[in-house]
Enquirer: 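First the structure, then my questions, so here it is.
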Amino acid sequence: MTTAARGAIGGSAGEVGSAHRAAAAAFIVVHGLLEEEVQGLLPQRGGAPVLVRLEVDEPTDDIYCEFALGGRAWVQAKHELSVGADGRGLKPVIEQWVGMIRDGRVEPGDGLVLAVGHLTGPLELLREALNRRRDPYGGAPTGEQQNVLDLVRKQFCLAASDLPTEAAERLLDHAVIWHVDAADAENILIGEPVLGRDARLGAILLRSLVEKPDAAARAMALLTVAARAYAARRSGGDMAAWRRALSNEGVRTTASPPGSRIDACDPLSLGVHRCIELSNPRKSELPPYVEREHDSRLRDIVDDVIQGESRMATLVAGSSTGKTRACWEAVLYLNERQPGRWRLWHPYSPTHVDAALEKLDRVGPYTVVWLNEVRRYLAPTDPEAGERIAAGLRRLLNSPDGGPVLVLATAWREQWNELVRQPSRDRPDLYSQARELLAETCIEVAESFTVEQLATLRTRAEDARLRHAVERSDGGRVTQYLAAAPELENKYRLAEPQARAVVDVAIDARRLGHPSDIPRDLLEKAAHGYLDDHEWNRASDDWLGEALRYAGEECRGAVSLLTRIRPRPHPAEGSGRPSYRLADHVEQIGSRERALRFPPASFWEAVGDVVEDASLLFTIARHADNRGRYQRAIALYLRAVSKGSMRAVTQLVRLWERAEDAASAEAICFEFLDRADPDILYVAARLRHRGGDLGAAEVLYRQAAEGGRGEAVEDLTDLLWRVGRRVEAEEFAAHAARLLQRTHGLVRVAQLLEKAGDLAGAEKFCRKAIGNGNSLALIRLAKLRKKVGDLSAVEHLYRQAVDSGHTGVLVSLADLRERLGDSASAELLYQQAVEKGHYGAFANRARRHHQLNDHARAEQFARQAAKYGDLRTYDKLIRLRLRSGDRDGAERLCGQAAEYDQDWALTRLANIRAHDGDTAGAEKLTRQAIELGVPGAVERLAKLREHAHDPTAAYRIKRFGLDDSGRPATSLPRYLEV
């Protein structure tokens, strides 16, 4: 490392005080870079330094620091200070401190620090006295300590005769004497090694690193570079700039915990709605807060966090109901109870997902994680990214050393249902981590104020905006009115066709999975398809500009239909594309009203032209796929493939297989085989298997298995078994379990043996799978023992599975105890299952009460399960009602379920219509389910056409799906032609 000449830092070059200040600053910087707390620098714990500045414009101006847990320090650096018997030597220090107290800048937890290199007797005594004064168990100060505290009080009164005497006690609360040994500061500043003497870091001793010889050299390098950078004043003290400077020197550093002090946060930037403006001047941006029932539940969670627990709360309701404001009030309450201790982290830049993935593992204790609109994080266009975020949040909340932390989230009801819903067998489980994370975190927020609350506001509300909203809001929807929701809705409905078209494009983009920032190019290229010929011909040449200006006008100074997001210039890439953000209230009402409308061709073409992100293209393609528009899906899947999405390849293979176009399916699959992607290898193996080329299928299955695709192990085992190579099947299953850590083959052999009636052989392979770590095989083995009536073994295996982490087996265990007549144990096990997030317990209990003709109790269990996103209980009850001939009761249950998941209830209602022979009614409901994107609805429509004796339409729907208008399509594009 090259040496550096000394420079002045708050003093002339060559001045001992200058070197001392540099040493003190370097000491703090290095702790920040290593993410370690500086002992003795603050009156209470502050965490690692995250910002260090020199020569700040404050009464105490040598060094200013901010810390991860919220404290701040203003440091005066004095190499030596003679105090004297009368304390007169402290006068210049106390005068600076008085300036800070008088300005009101110092808050609880902040430090007014005197950093001294030579600790004289009086200063040592003062340091002991201040420490003892802050120690709740330290007892009364000694006589000498009391005398030195009185000297400080005397000097304070001389310097601040205009301040009350209690201000002197405030000063003592913040005052810190901090000893920095700078004897070798000169050597540190010029880069001379000082490690040779008794393995110490020369002048500045980092105690935690001295014990680690390999870390000592790194610490010394950091000290030297940091001190030299300070001396040269290269960056003004910003820690990000320090890291860049250190990176240029080849030194790697760690980053500080994410987040900002709570009092530095702006609620409007966190998502709290701006309030309507009236003609009279307002007192503040936000109206006074009115507490409701959900606030007390949220406050209980905050109290738990104050006691040291890590907790999460998710506020669930519709748009503009006060969810985000309630979270902000909870944060203010937390900061009031523990002032200066907490930070708030709002991950949003460069995107919400990127920020969360990058920094989640660096979140420190005493952090509020702010997840407004939690769907952004847990259900992004790339489901794997959302699951990684959910898993990271679970680790954070359950870490014994990482807390306390508070995670605050908000969600619309439909978004909540999507995240927590138990997937059906025909749907992939995209949100298993998210579902586990969100279990038991829901706090429902009422959509409107009660009559009593409205009466109180009418008589006691001092803020004119609150009174205005109370008098004019519809049905007690005060928060919606304050957020200008009615004005927005009227503006949307009264818009000219061109402006309405632009907003409708944004609504369709959002409901089909586009992130919140919608490019102007997408609005421009898609909007014309939302206008009929008359409207398009009447539009002016500047129709888009006029439409965007109208949509951008603020309603009552609060919010607009579309808010322009100004792109930040990037030196390497130039200016980004302008984009717009749709008002969430309009998104909610628009998504509901446009739910049954398939977007016009211009929308799909614009998406293909404008969108560059492979995951987003895949997401929107899946929406077209689920709605039976396979032609639109194929076009976007192909575009996603061109951007690198291998997931899209497997979806294209599926669509072309369904269309009986084996040539296209094989062409695209085998074009990408050289990528060695296990999913594509597996699909190619299935194609060869179905085509009868078993040799090629075997090779491909083996390659997919070695790449980690568990189903390939199972399918190859099955292939070998069915062609009579049973020994090879068993050997491959054992090989996969031993070397690939994949036990699917062993379980598959057990299934095949069971099917052949060889229960003993099936048990043998189940036990092999268990021995290789497959705890799920315990459940299969339990089923085998159940077949032979060995209920004692069944219970033992179930309990082993629970102990292995498969807590869902608690439901089966409870059912077993109930069948054995042990109702008390069954009830306890059911309760444990619910607490673990396994709501199948509700279904079993509902079935039991239905059998007892206690329908009210059965429906109560169904509602409880649905509240957690599990509608299987309703499904079972509906089937039971239909079997008993109670059609009206089944429909009533569908209506109840619709409150939690309208899409699901729609398909069940269609099934009831079909069960009654009402094919037309069933088809109407099924078509609605298709437009809502309910998986499996297209196949259901094909079956209904078969039942209606229309085999041609059924065949076309099954093979080719629907065209844009909803009629059966007649063909799909071929890959070789595309």
Side-chain angles (χ1 to χ4, degrees), residues 267-268 270-276 285-299 301 312-333 370-376 408-420 438 441-454 456-457 461 463 465-490 492 507 510-511 516 555-556 558-559 561 581-593 867 869 899-900 902:
L268 298 180
L270 295 173
V272 177
H273 285 299
R274 191 180 299 276
C275 187
I276 59 172
E285 288 281 354
L286 300 177
Y289 190 66
V290 181
E291 290 194 4
R292 291 186 280 166
E293 181 180 353
H294 59 269
D295 292 293
S296 61
R297 293 187 58 195
L298 187 53
R299 186 162 290 190
I301 288 174
M312 178 176 182
T314 309
L315 272 64
V316 179
S319 169
S320 306
T321 49
K323 305 183 297 296
T324 312
R325 178 70 188 277
C327 289
W328 176 245
E329 295 297 323
V331 168
L332 293 179
Y333 171 70
W370 185 271
L371 303 179
N372 194 37
E373 295 186 44
V374 72
R375 189 181 185 278
R376 292 171 173 170
L408 293 176
T410 65
W412 293 352
R413 293 187 190 281
E414 52 267 35
Q415 295 170 352
W416 170 265
N417 290 335
E418 178 186 359
L419 288 168
V420 303
L438 296 175
T441 71
C442 176
I443 297 178
E444 294 191 69
V445 177
E447 302 280 335
S448 58
F449 281 58
T450 64
V451 174
E452 293 79 9
Q453 290 167 339
L454 290 173
T456 301
L457 286 174
D463 191 284
R465 294 167 294 180
L466 269 178
R467 295 196 303 272
H468 183 85
V470 168
E471 295 301 328
R472 291 164 177 78
S473 60
D474 180 29
R477 296 163 65 85
V478 174
T479 56
Q480 294 90 329
Y481 191 93
L482 288 170
E487 298 279 344
L488 276 173
E489 188 171 345
N490 289 335
Y492 169 62
I507 290 171
R510 287 292 289 144
R511 71 186 179 92
S516 56
C555 295
R556 290 185 173 269
V559 69
L561 294 172
R581 189 168 296 163
L582 181 66
D584 59 0
H585 182 69
V586 177
E587 179 184 338
Q588 188 175 55
I589 62 171
S591 296
R592 190 180 301 123
E593 292 181 359
K867 188 175 180 180
E899 297 178 16
Y900 302 96
Q902 189 174 8

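Note that this is a predicted model, so its numbers are computed, not measured.
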Enquirer: OG/S516 to CG/D584 distance, rounded to the nearest 0.5 angstrom?
Expert: 10.5 Å

Enquirer: Checking side-chain contact (heavy atoms from CB on, under 4.5 Å) between S320 and each of E447, H585, R477, which is the one that passes?
Expert: H585

Enquirer: Which atom names give the shortest non-hydrogen contact between N372 and G271, and what distance separates them?
Expert: ND2-CA, 3.7 Å

Enquirer: Taking NZ, NE, NH1 and NH2 as the nitrogens, is one of them in E444 or R413 under 4.0 Å from a carboxylate oxygen of the other?
Expert: yes

Enquirer: Can you name the side-chain hydrogen bond (donor to acceptor under 3.5 Å, both in side chains) partners of D295, sequence neighbours left out?
Expert: Y289

Enquirer: Between K323 (side chain only) and A409 (backbone N and O only), is there a donor and an acceptor less than 3.5 Å apart?
Expert: no

Enquirer: In plain terms, say whether R297 and E293 are close enough for a salt bridge, that is, a side-chain N and a carboxylate O under 4.0 Å apart.
Expert: no

Enquirer: At their closest point, which heavy atom of C442 faces which heavy atom of W416, and how far apart are they?
Expert: CB-CZ2, 3.4 Å

Enquirer: Compare every heavy atom of A313 with every heavy atom of L298, then report the nearest pair and how far apart it is.
Expert: CD1-CB, 3.7 Å

Enquirer: Do R467 and L457 have side-chain heavy atoms sitting under 4.5 Å apart?
Expert: no

Enquirer: Using the side chain to side chain contact (heavy atoms under 4.5 Å, CB included) rule, take Q588 and E414 through it: C-alpha gap first, then chi angles, then the decisive distance, then the call.
Expert: CA-CA 10 Å; Q588 188 175 55; E414 52 267 35; 3.8 Å; yes

Enquirer: Rounded to the nearest 0.5 Å, what separates atom OG1 in T324 from atom CG in L270?
Expert: 9.0 Å

Enquirer: First locate atom CZ of R511, then atom CG of L582, and finally report the distance between them rounded to the nearest 0.5 Å.
Expert: 12.5 Å

Enquirer: How long is the gap from CD1 on I443 to OG1 on T314, to the nearest 0.5 Å?
Expert: 8.0 Å

Enquirer: Between OG of S296 and CD1 of I301, what distance do you get to the nearest 0.5 Å?
Expert: 10.5 Å

Enquirer: How about E593: does its CD atom have over 12 heavy atoms from other parts shown lying under 6.0 Å from it?
Expert: yes

Enquirer: Is a side-chain donor or acceptor of R292 paired with a backbone partner of A446 at a separation under 3.5 angstrom?
Expert: yes

Enquirer: Does E373 offer a backbone N or O that forms a donor-acceptor pair with the side chain of T410 under 3.5 Å?
Expert: yes

Enquirer: What closest approach, in Å, do W370 and W328 show between heavy atoms, and which atom pair accounts for it?
Expert: CH2-N, 3.5 Å

Enquirer: Please name the pair of heavy atoms, one in G590 and one in I507, separated by the smallest distance, quoted to 0.1 Å.
Expert: C-CG2, 3.5 Å

Enquirer: Residues two or more places apart in sequence or in another chain: which of them pass side-chain hydrogen bond (donor to acceptor under 3.5 Å, both in side chains) with Q415?
Expert: none

Enquirer: Please determine whether side chain to side chain contact (heavy atoms under 4.5 Å, CB included) holds for the pair F449 and T479, giving the CA-CA distance in whole Å, both sets of side-chain angles, and the decisive distance to 0.1 Å.
Expert: CA-CA 9 Å; F449 281 58; T479 56; 3.8 Å; yes

Enquirer: Is there a side chain to side chain contact (heavy atoms under 4.5 Å, CB included) between I589 and R592? Walk through the geometry before answering.
Expert: CA-CA 5 Å; I589 62 171; R592 190 180 301 123; 4.1 Å; yes

Enquirer: Applying side chain to side chain contact (heavy atoms under 4.5 Å, CB included) to R376 and L371, what does each step give before you reach the verdict?
Expert: CA-CA 8 Å; R376 292 171 173 170; L371 303 179; over 6 Å; no

Enquirer: Do you know which two heavy atoms are closest between A326 and L315, and how far apart they sit?
Expert: CB-CD2, 3.5 Å

